[in-house]
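Heads up: the structure comes next, in C-alpha cells.
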Amino acid sequence: MTPRPSSSGPDPEKAAAKKAAAKKTTGKKTTAKKATAKKAAAKKAVSEKTAVKKAAVKKAAVKKTPARKAVAEKAAGEKAVVQKAAGEKAVVQKAAGEKPVAARAVGEKAVPAAARPAEPPASPASPAPDPTDRERLLAGTHHDPHSVLGAHPVPGGIAVRALRPFARAVSVLGGGLRAELHDDGDGFFSGLLPLDEVPAYRLLVTYEGTDQEVEDPYRFLPTLGDLDLHLIGEGRHEQLWQALGAHPTTHEGVAGTRFTVWAPNARGVRVAGGFNFWDGTGHPMRSLGGTGVWELFLPGIGPGELYKFEITRPDGSRTFRADPLARRTEVPPATSSVVHVSDYTWGDEEWLARRADAPAHEAPMSVYEVHLPSWRPGLTYRELAEQLPAYVSDLGFTHVELMPVAEHPFGGSWGYQVTGFYAPTARLGDPDDFKYLVDRLHRAGIGVLMDWVPAHFPRDDWALAEFDGRPLYEHSDPLRAAHPDWGTLEFDFGRREVRNFLVANAVYWCEEFHIDGLRVDAVASMLYLDYSREPGQWTPNEHGGRENLDAVAFLQEMNATVYRRVPGVVTVAEESTAWDGVTRATHHKGPSGFGGLGFGLKWNMGWMHDSLQYMSHEPVHRKYHHGEMTFSMVYAYSENYVLPISHDEVVHGKRSLVSKMPGDWWQQRANLRAYLGFMWAHPGKQLLFMGQEFAQGAEWSEAHGPDWWLLDPEYGAAADHRGVRDLVRDLNAAYRDTPALWRRDTHPEGFAWVVGDAAEDNVLAFLRLDADGTPLLAVSNFAPVVRHDYRLGVPDDVPAWHEALNTDAARYGGGGVANPDPVKPEALGWHGRPASIRLTLPPLATVWLRPA
C-alpha cells in the first residue's frame, strides 16, 4: 500500500473542532485567545498576505459580538436598520467621511430618496442571513452560498452579506461611496443599501492593522456553461480538464481562478489554500444542478497558489482532498494541488505534421524504456532534455517510453500508484518543464510514449479514495473495488463520469503534452472479474462469464476517442492473456462475440517469458526447450506485437538481462548479444529497458539507476560493456534501414522459416521479407561451438549474400568468427528451397545476411 504522508493542508478533525468552537450563539460575548486572534488577523488577506501576517502578531482586542437584532426582529411592521458595531445608526457615507448621501450604482447619478416616484412603502427586509443559512454556511453544508452571500434585491433595497471570518469590519465600496456593514458575529457581515439595483461593488475588509480592498466572489455568475454541464452529466466531455479543476481566467472583467470539482455525494464543498490560510469557511462553493459539480470563482487568485477542496461528507465529517484534475502538484511528500497555467510555446510542428504518415505497426519502432528520476539521478526535466535526446539518438532508438509521468506519492511504486492523473510528477519540475523535454525529444526525431495507469489508484485519504465520503471513483462493491494484488482500489468503469475522467485523461496527455503513445498498464487485471480472486470473491457478469464488460466498454471508448482526436498516436496494451482482439478494431467482432479493444499494439508477454526461459538454460540443455523459441510464431499474427524486455524483467530478484545468461562472463555477453540479434530480427517492435543496452550486471534500482560507471574508460572491463552498447546502436541502424524488418510485422507474408527444428544444433534461421520480396536472412547459433559449412536453404533469385551484422564481431567483444566474403548460393536444394548456401556460424551468435 502506498504510504500516506502528512497533508500540507490542515487536519480535517482539527478543522472540524475549530469550526464547532466558532459557532457561538449571536448576542453572547465571543472572546478570542491571543493565539487565535493572531491567526484571525491574517485569515483573509489575499493580495498582501505578508502584511496580514505581520499584522497578525499584534495583540488582538477582545470585542463583543453584537446582538443579532435583525434575526430576532420580525420582518413585518418593524424597521430593519443597519447598525454599527457600537449600536449607532448606520449611514451610507463617502470614504473620506463627508456628508451622508444616498448610495448609487457605479456609473449612475445619485438619486435622492425624496425624488423617487411615490409608491406604497415596503417593509424593509432584514439583511442578516437566515439562521438556517447561517448554520449551514458555518457547518460547510450549504449547496448554494451565492443565494445568501453577495448582493441581493430585497424589499427596501439591496441586501449585502459577506462571510469573512476574523475580519474586524467589512464595508461595501461602489462609485466612490462606502457603506459599513453590520457585524453579525461569527464572521458574518450584512447591510441594507437603499438602492433599486445591485451595483458593481467591491469589499473593503478590515483586519487588525490592515485593510484589503477585494472583489466579492459571491457577486459573480457561474463560470461553467450549460454545454459543459450537460457533457459532464452525460460522461462525454472529451476535454474534461478544461471544465474541472483550477483555471486562472478573467471572468466578467475580473482576473482570478475558477475552481470546479465533481463531488455528487458531498453535503458541501469549500476551497482552502494558502490564500486563506487553509480555512475554507469564507469560500464555500455552489452546487451546479444535478451534475454533482461544485464551482467558485475566486478573484485575485493566480498561478502558483496551493489549494485543496474541503469536503463535508454525508455523515457531516470533513476531509481535505487534492484536486483530481489538478494540472500541477506540490513536490511529494507534500500533497496540495497548485494552480497552474501553461505559457509554453511548442517547436515540434514538423514532428507532428509527419507523425501520422504511417501507422505504428507498419513503421520502425525501437523503444528505449526510461525511468526518468533514476536515468541520471538528480536531473530535472530540463536537464534531462539536454542529455536524453542526444543519448537516445546516438543509439538509434525511434522512441522512448517514460515511467513514471503522472504524479504519485511513493517513489518506490515507480509511478504505478497514481494520485495526480492530470499532473506530471513535480519531482523533476513543473508541467511546462515536462513539455520542454517532450519537445526536445521530438525535435531530435524521437517519439514519446508514456506509461498510463487507468486500472487502479492508491487508498491515500487525501486523494481519490471515497473522495466525497462514499465510493465515487472506485466501485461501490468492496469486492469489486479492492485490488487483491496491490492493496489499491479499482476504478468503477461502469460509472459514466469515471469513464469520462479516464478517457479525457488519455486525450489530455496526447493533446496537451504532445505524447505520441500510451502504454496502458495492467490491462489483464481490468478485463477479468476473477483476476487474482478465488471462487466466491467475485460475481459473474450478466451473461454468467468472467469478463468485466464495463472495463471492455471503457477500453473501447478510450481507444476510439484517442485515435479519432489525435491522429498518429498509438496505444499499447500490457496484456498477458489470450484475450481475443486486443489490437482489433472496436467495431469488428471476433469469435468470442466481443468487438476488438482497439489498441494499436500489444506487449508479447508470451514471447518474453518463453525466450528468456530458453536463454537461461545451459546450451547443452537448450535442445530440450527449442520450442520456447519457435512457439511465438504460432500466434505471431494474432495481434500487433511489441517484444518487451522491460523494467519488470530486471527487478525483484529476476536479475539483469546479462545476468540471466549462463556461463562465464564472456559467454554471458555472447548469449546476450545473440539474443538481442534474434530479438531485433523477430517480427514485432522492440523495447529495451535502460541499462540493458550496455549489459549492466546488477538489477535496476530506482534509488541509483543504471551503473554508468561501467562505461568509464578507466574501468578495466569498460570495453566489454561498450561493445554491447555498440551492438545495440548497430542493430537499430540496420533495423531502420531494412524495411523487411518492420514494414510487414503484422503480415504472415513477411516471415518464412528456413529451419525451425534444428534443436540438436541449437540453430534457428528465418527470412524476413519486404513488400517487394527483398529478404533478410537471420541465423542464430545458440550453441557455444563454431559450426563450419552449415548449409541453409535459400531462394534461388539472390545471386549472393553478405553479412550485414554479426554479433560475434570483435568490436562488440566477440571472437571475430565471420563470413567476410560474399556467399554465393549453390544449385542444391535444401530445407525445401531450390538453392542453398554454406555458412560459418560463430558460437553463441546471430548473423544477419542481405542480398549482396
Side-chain angles (χ1 to χ4, degrees), residues 361-366 604 606-607 610-611 614 626-643 674-686 731 734-782 787 790-807 819 822-839 841 845-852:
H361 60 276
E362 295 178 357
M365 177 179 282
S366 177
N604 194 335
W607 172 89
D610 290 346
S611 62
Y614 174 87
H626 196 75
E628 293 173 351
M629 291 296 267
T630 61
F631 181 64
S632 59
M633 291 312 303
V634 173
Y635 59 87
Y637 302 105
S638 61
E639 304 280 4
N640 306 334
Y641 282 115
V642 175
L643 311 179
Y675 180 69
L676 292 175
F678 171 79
M679 173 180 173
W680 255 250
H682 191 284
K685 314 306 179 183
Q686 300 81 37
L731 282 169
Y735 169 76
R736 295 180 78 161
D737 292 341
T738 309
L741 290 174
W742 43 264
R743 182 163 289 156
R744 306 177 83 187
D745 262 340
T746 61
H747 299 282
E749 298 83 0
F751 176 92
W753 280 114
V754 172
V755 55
D757 58 357
E760 291 290 335
D761 299 334
N762 294 355
V763 170
L764 295 162
F766 53 84
L767 292 166
R768 296 297 306 279
L769 303 165
D770 196 358
D772 62 2
T774 303
L776 178 137
L777 175 62
V779 186
S780 295
N781 176 21
F782 290 113
R787 300 199 182 279
Y790 199 86
R791 188 174 292 276
L792 295 169
V794 294
D796 59 0
D797 57 352
V798 178
W801 299 80
H802 75 93
E803 274 192 2
L805 185 138
N806 185 334
T807 66
N819 298 274
V823 180
K824 295 183 178 181
E826 301 175 17
L828 176 61
W830 209 259
H831 295 136
R833 298 185 179 276
S836 59
I837 57 176
R838 290 182 296 165
L839 297 174
L841 301 184
T846 294
V847 177
W848 291 1
L849 297 101
R850 289 194 291 198

Sequence-distant partners of S611, side-chain contact (heavy atoms from CB on, under 4.5 Å), two or more places apart: W607, M629, Y675
Side chain to side chain contact (heavy atoms under 4.5 Å, CB included) partner of R768, chosen from P683, P775, P739: P683
Can you give the donor-acceptor pairs under 3.5 Å from side chains of residues 755-763 to other protein atoms, not counting sequence neighbours?
unit_1, atom_1, unit_2, atom_2, d
D761, OD2, Y790, OH, 2.7
N762, ND2, P619, O, 3.0

Point-to-point distance, once rounded to the nearest 0.5 Å, from CG of L777 to CZ of F766: 9.0 Å
Atom pair OG1 (T774) and CZ (R743), whose distance is rounded to the nearest 0.5 Å: 10.0 Å
Residues V779, N781; criterion side-chain contact (heavy atoms from CB on, under 4.5 Å); working and verdict: CA-CA 7 Å; V779 186; N781 176 21; 6.0 Å; no
Worked verdict on D610 versus Y614 for side-chain contact (heavy atoms from CB on, under 4.5 Å): CA-CA 6 Å; D610 290 346; Y614 174 87; over 6 Å; no
Chi angles and distances behind the side-chain contact (heavy atoms from CB on, under 4.5 Å) call for T630, L764: CA-CA 8 Å; T630 61; L764 295 162; 3.6 Å; yes
Where R833 and A752 come nearest, the two heavy atoms and their spacing: NH2-CB, 3.6 Å
Side-chain heavy-atom pair L767, V754 within 4.5 angstrom cut-off: yes
Listed partners of S780 passing side-chain contact (heavy atoms from CB on, under 4.5 Å), at least two apart: F678, F782, T846
Contacts of Y637 that satisfy ring pair (Phe, Tyr, Trp, His ring centres under 6.0 Å) - sequence neighbours left out: none
Backbone N/O of M365 and side chain of Y735: donor-acceptor pair under 3.5 Å: yes
Residues that T738 engages under side-chain contact (heavy atoms from CB on, under 4.5 Å), provided they are two or more places apart: A740, L741, L776, R850
Interatomic distance, T807 atom OG1 to L676 atom CG [nearest 0.5 angstrom]: 8.5 Å
Derivation of the side-chain contact (heavy atoms from CB on, under 4.5 Å) call for H747 and H361: CA-CA 10 Å; H747 299 282; H361 60 276; 5.8 Å; no
N/O donor-acceptor pair under 3.5 Å between K685 side chain and A363 backbone: yes
Close side-chain approach of W680 and S366, heavy atoms under 4.5 Å: yes
Show which side-chain atoms of residues 791-804 pair as donor or acceptor with protein atoms under 3.5 Å away, not counting sequence neighbours.
unit_1, atom_1, unit_2, atom_2, d
R791, NH1, E826, OE1, 3.1
R791, NH1, S836, OG, 2.8
R791, NH2, E826, OE1, 3.3
E803, OE1, N806, ND2, 3.4
E803, OE2, N806, ND2, 3.3
E803, OE2, N819, N, 2.9
E803, OE2, N819, ND2, 2.9

Atom of R744, atom of G750 and distance for their closest heavy-atom approach: CB-CA, 4.0 Å
Rounded distance [0.5 Å steps], CH2 in W753 versus CE in M633: 7.0 Å
